[in-house]
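Encoded as structure tokens, the structure appears first; notes follow it.
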Amino acid sequence: MDLEQLFPKAQPLEVELGSGDGSFLLEWAGRRPDHNFIGVERLLGRIRKLDRKGLRAGLVNLRGIRLEASYVMEYLLPAASVETLHVYFPDPWPKRKHRKYRLVNSRFTEVAASTLSPGGVVCLRTDDASYFAQMTEVFQANPNFASAEIPADLKSVLTDFEREFQARGVGTLSAAYRLNPDFSPAQN
């Protein structure tokens, strides 16, 4: 993927994997005109909605891609090109026999390490305690990542799922992991 052709201005890149209705990304991109954003979603209707709302809001720093998140991460994003990966409320695949389909697993940490720029961050949110335990376990097991603080302004921007869960009294589990600033994709 040629990022220079996607965006009118070279700026730090943030990617949301599984953008849902795009509400998080639209608000966050609007708050951060000094960054470029890509929303990855496999459902066409959601990408169209993100595009339509982004154009209406004049967000020249926002693009959408309709593909599987794991494919975009592994094959399309240039190495060391992403400052922040946002992974919010991915499908938890709650049945034990389906957990192998979860996005965030040990392979994901390896691909994220190659995609993130040195010192880049992965931000995670879910309502599923089992999935959250898996997420934290795989990131803690990868020596290239260390736990990081989530900025308050980022925490304040909610996804569509998060607003729905909060209305029902369901809590959000969140974590962030920073890639070692000395990491080189060749190490992976």
Side-chain angles (χ1 to χ4, degrees), residues 1-93 101-104 108 111-112 115-117 120-128 131 135 150-174 176:
M1 179 183 309
D2 186 350
L3 298 175
E4 290 180 10
Q5 289 192 355
L6 276 181
F7 297 101
K9 193 156 106 178
Q11 303 183 119
L13 178 64
E14 298 190 38
V15 176
E16 183 183 22
L17 302 175
S19 299
D21 76 349
S23 57
F24 163 80
L25 203 54
L26 288 159
E27 184 173 342
W28 193 234
R31 289 186 185 190
R32 303 192 80 184
D34 57 336
H35 282 213
N36 290 327
F37 295 87
I38 296 175
V40 179
E41 177 58 58
R42 64 180 188 83
L43 298 176
L44 180 59
R46 290 178 176 177
I47 284 296
R48 285 182 173 160
K49 188 178 202 178
L50 175 68
D51 184 53
R52 191 172 48 249
K53 287 182 175 183
L55 287 171
R56 223 178 292 139
L59 298 175
V60 297
N61 63 335
L62 177 62
R63 300 290 181 269
I65 297 176
R66 182 184 173 227
L67 280 170
E68 289 291 334
S70 57
Y71 184 86
V72 171
M73 290 272 301
E74 192 151 0
Y75 300 109
L76 295 182
L77 291 172
S81 64
V82 178
E83 182 180 272
T84 307
L85 278 173
H86 302 275
V87 184
Y88 301 146
F89 303 93
D91 189 336
W93 293 97
Y101 301 121
R102 287 178 170 175
L103 175 65
V104 181
F108 179 86
V111 175
T115 303
L116 286 168
S117 56
V121 178
V122 177
C123 299
L124 306 165
R125 295 183 199 172
T126 185
D127 64 310
D128 188 282
Y131 197 2
M135 291 173 168
I150 302 170
D153 60 338
L154 178 57
K155 281 184 182 180
S156 72
V157 181
L158 305 180
T159 72
D160 54 330
F161 288 120
E162 203 164 9
R163 278 191 297 279
E164 181 184 317
F165 293 146
Q166 283 187 355
R168 293 190 331 223
V170 177
T172 297
L173 301 164
S174 59

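Numbers here are sequence positions counted from 1. Computed over heavy atoms, backbone and side chain alike; hydrogens, waters and symmetry mates excluded.
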Would you check if [X] and [Y] make a side-chain contact, meaning some heavy-atom pair closer than 4.5 Å?
| X | Y | answer |
| --- | --- | --- |
| Glu14 | Arg32 | yes |
| Val104 | Leu124 | yes |
| Leu85 | Cys123 | no |
| Leu26 | Ser23 | no |
| Leu76 | Tyr71 | yes |
| Ile65 | Ile47 | no |
| Asp160 | Arg163 | yes |
| Ile38 | Met1 | yes |

Verify whether one side chain among [X] and [Y] offers a donor that lies under 3.5 Å from an acceptor in the other.
| X | Y | value |
| --- | --- | --- |
| Glu83 | Ser117 | no |
| Asp128 | Thr126 | no |
| Arg31 | Ser156 | yes |

Distance, nearest 0.5 Å, that separates [atom1] of [X] from [atom2] of [Y]:
| X | Y | atom1 | atom2 | value |
| --- | --- | --- | --- | --- |
| Phe161 | Asp127 | CZ | CG | 9.0 Å |
| Asp51 | Arg66 | CG | CZ | 13.5 Å |
| Lys49 | Ser19 | NZ | OG | 12.5 Å |

| Criterion side chain to side chain contact (heavy atoms under 4.5 Å, CB included) on Leu25 and Leu62, from CA distance to verdict | CA-CA 8 Å; Leu25 203 54; Leu62 177 62; 3.6 Å; yes

| task | Determine, stepwise, if the pair Leu116 / Val121 fulfils side chain to side chain contact (heavy atoms under 4.5 Å, CB included). | result | CA-CA 7 Å; Leu116 286 168; Val121 178; 6.0 Å; no

| message | Any carboxylate oxygen within less than 4.0 angstrom of a Lys/Arg side-chain nitrogen, looking at Arg125 and Glu162? | response |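 Salt bridge flag = yes for Glu162 with Arg125.
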
| said: So if I apply the side-chain hydrogen bond (donor to acceptor under 3.5 Å, both in side chains) rule between Gln11 and each of Asn61, Asn36, Asp34, which one comes out positive? | reply: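 Per the side-chain hydrogen bond (donor to acceptor under 3.5 Å, both in side chains) rule, the option paired with Gln11 is Asn36, out of Asn61, Asn36, Asp34.
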
| message | Tell me whether Arg102 forms a cation-pi arrangement with Tyr131, defined as NZ or CZ under 6.0 Å from the six-membered ring centre and within 45 degrees of its axis. | response |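 That pair qualifies as a cation-pi contact.
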
| task | Would you please classify the geometry between the His86 ring and the Trp28 ring as parallel, tilted or perpendicular, with 30° and 60° separating the classes? | result |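 Trp28 and His86: perpendicular rings.
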
| request: Taking the six-membered ring for Trp and the full ring for Phe, Tyr or His, determine whether the centres of Tyr88 and Phe24 are under 6.0 Å apart. | output: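 Tyr88 vs Phe24: aromatic centres under 6.0 Å.
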
| task | Evaluate the side chain to side chain contact (heavy atoms under 4.5 Å, CB included) criterion for residues Met73 and Phe108: first the C-alpha distance (whole Å), next the side-chain angles of each, then the deciding distance (0.1 Å), finally the verdict. | result | CA-CA 9 Å; Met73 290 272 301; Phe108 179 86; 3.9 Å; yes

| What do the steps show when you test Leu13 against His35 for side chain to side chain contact (heavy atoms under 4.5 Å, CB included), and what is the final call? | CA-CA 6 Å; Leu13 178 64; His35 282 213; over 6 Å; no

